[in-house]
Amino acid sequence: MRINADFSQRVLIRTQEQGWVPSPLPGVARRMLDRIGDEVARATSVVRYDPGSSFAPHVHGGGEEFLVLSGVFQDESGDFPAGSYVRNPPQSQHVPRSEPGCVILVKLWQFDPDDRSHVIIDTNKIGAVADAARPGVSVTPLFQDALETVAIEAWTPDTQAPLDCTGGAELFLLSGSLTESRETLGPETWLRLPDGVPAQLTAGPEGARFWIKRGHLAHAPRA
């Protein structure tokens, strides 16, 4: 299976307009954003766990990164409410479930094979730092290494700023609105911008808050 597998192309998906695709496990469904492979795949997806649902025990051969969008994600290491950011590195394992139900943005098989960084951050409990180079922008850092940078950014109303797309960029709008290339992004919109293509973002009248990942597409598979 190949979905938006040409990483040299700009992709915009308003995920709320997509239908849910059932996974092999009852109560777990997906909205597939990009994918190379079948059930074991390099993939970016929005995944919904119905209340009381669970996934089979499994090892993350290529690592797993996710942001909890709503509800509470659970596994044997604890409960992760909306706003939790988690990185489970290659060769880690767990048994995911959700008693109350949840929705997560998840990326699979996109880690450096030697990465062993296990990250758990509750973004509700940490602050943001003003970006001196971009007035009106505040940043909550989540992860950084030689290959990528991950953060949550909050933009005040009507803020305009260029987006550094060196190595590519990917963002998921959590609240508010943004304009890019004359298109308006509302909540739960996913945007992927290829390596080296300049971009300009403008926050809407209510501002914008979004998860953003940069640098990682320089190492993405080529079409």
Side-chain angles (χ1 to χ4, degrees), residues 1-7 9-76 78-88 93-111 123-124 150 152 170-178 180 183-193 208-213 216-217 220-221:
M1 181 185 300
R2 297 180 68 86
I3 299 172
N4 295 320
D6 183 350
F7 294 91
Q9 299 298 309
R10 175 185 181 274
V11 181
L12 184 148
I13 297 177
R14 294 176 175 86
T15 66
Q16 289 182 323
E17 298 176 3
Q18 285 188 311
W20 291 102
V21 178
S23 80
L25 294 176
V28 180
R30 301 171 288 198
R31 288 170 168 160
M32 300 181 187
L33 307 180
D34 65 34
R35 195 173 191 90
I36 301 174
D38 296 315
E39 281 311 310
V40 177
R42 183 199 194 281
T44 303
S45 309
V46 176
V47 177
R48 183 188 68 197
Y49 286 75
D50 290 342
S53 60
S54 63
F55 223 89
H58 58 274
V59 175
H60 291 294
E64 172 193 59
E65 172 186 22
F66 66 87
L67 178 70
V68 182
L69 303 176
S70 64
V72 181
F73 178 93
Q74 299 168 303
D75 65 15
E76 58 270 37
D79 294 352
F80 304 98
S84 299
Y85 173 73
V86 178
R87 293 176 68 94
N88 291 319
Q93 58 184 329
H94 67 162
V95 185
R97 60 186 176 84
S98 181
E99 287 304 317
C102 68
V103 177
I104 65 174
L105 172 70
V106 60
K107 299 178 70 66
L108 300 170
W109 284 91
Q110 298 176 47
F111 280 51
T123 65
N124 303 298
V150 187
I152 288 178
E170 180 179 344
L171 64 88
F172 190 90
L173 192 61
L174 301 171
S175 62
S177 64
L178 287 170
E180 193 277 328
E183 289 194 85
T184 299
L185 290 64
E188 300 186 34
T189 298
W190 177 75
L191 174 66
R192 192 183 74 197
L193 297 166
R209 185 171 181 268
F210 54 92
W211 175 91
I212 183 166
K213 185 179 178 79
H216 59 304
L217 297 179

Looking at [Y], is its backbone amide N or carbonyl O close enough to the side chain of [X] to form a donor-acceptor pair, meaning the two atoms are under 3.5 Å apart?
| X | Y | value |
| --- | --- | --- |
| E76 | V95 | yes |
| E180 | L185 | no |
| D34 | T44 | yes |
| D38 | M1 | yes |
| S23 | L25 | yes |
| D75 | F80 | no |

Minimum heavy-atom distance [X]-[Y], with the two atoms named:
| X | Y | value |
| --- | --- | --- |
| S54 | V28 | O-CG2, 4.1 Å |
| P51 | P100 | CG-O, 3.5 Å |
| G27 | S53 | O-OG, 3.5 Å |
| R30 | P22 | NH2-O, 3.9 Å |
| A208 | L173 | CB-CD1, 4.1 Å |
| P187 | Q16 | O-OE1, 3.9 Å |

*Go through V86 and I104 one step at a time and tell me if the side chain to side chain contact (heavy atoms under 4.5 Å, CB included) criterion holds.*
CA-CA 11 Å; V86 178; I104 65 174; over 6 Å; no

*Ring-face cation contact, F7 with R42, 6.0 Å cut, 45° max*: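 Verdict for F7: a cation-pi partner in R42.
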
*asked:* Is there a side chain to side chain contact (heavy atoms under 4.5 Å, CB included) between L178 and T189? Walk through the geometry before answering.
replied: CA-CA 10 Å; L178 287 170; T189 298; over 6 Å; no

*Given F55, which of P24, P96, S98 fulfils the side chain to side chain contact (heavy atoms under 4.5 Å, CB included) condition?*
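Exactly one candidate clears the test, P96.
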
*Identify, with sequence neighbours excluded, every residue that meets side chain to side chain contact (heavy atoms under 4.5 Å, CB included) alongside R87.*
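With neighbours one apart ignored, the set is E65, Y85, F111, D115, V119, F143, E148, V150, K213.
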
Would you compute the distance between atom [atom1] of [X] and atom [atom2] of [Y] and round it to the nearest 0.5 angstrom?
| X | Y | atom1 | atom2 | answer |
| --- | --- | --- | --- | --- |
| L108 | E39 | CG | CD | 10.5 Å |
| L171 | L193 | CG | CG | 6.5 Å |
| Q9 | N4 | CD | CG | 10.0 Å |
| W190 | S45 | CH2 | OG | 9.5 Å |

For the residue pair [X] and [Y], establish whether any side-chain heavy-atom pair is separated by less than 4.5 Å.
| X | Y | result |
| --- | --- | --- |
| F172 | E188 | yes |
| V11 | L33 | no |
| L191 | E183 | no |

*Output, in order, the C-alpha distance, side-chain angles, deciding distance and verdict of side chain to side chain contact (heavy atoms under 4.5 Å, CB included) for H94 and H60.*
CA-CA 8 Å; H94 67 162; H60 291 294; 3.0 Å; yes

*Pair V72-C102, side chain to side chain contact (heavy atoms under 4.5 Å, CB included): steps then yes or no*: CA-CA 5 Å; V72 181; C102 68; 5.6 Å; no

*Does a donor on one side chain sit under 3.5 Å from an acceptor on the other, for H216 and Q110?*
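No, Q110 and H216 have no side-chain donor paired with an acceptor closer than 3.5 Å.
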
_Whether F73 and Y49 hold their rings parallel, tilted or perpendicular, with breakpoints at 30° and 60°_ =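 If you compare the ring of F73 with that of Y49, the planes turn out perpendicular.
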
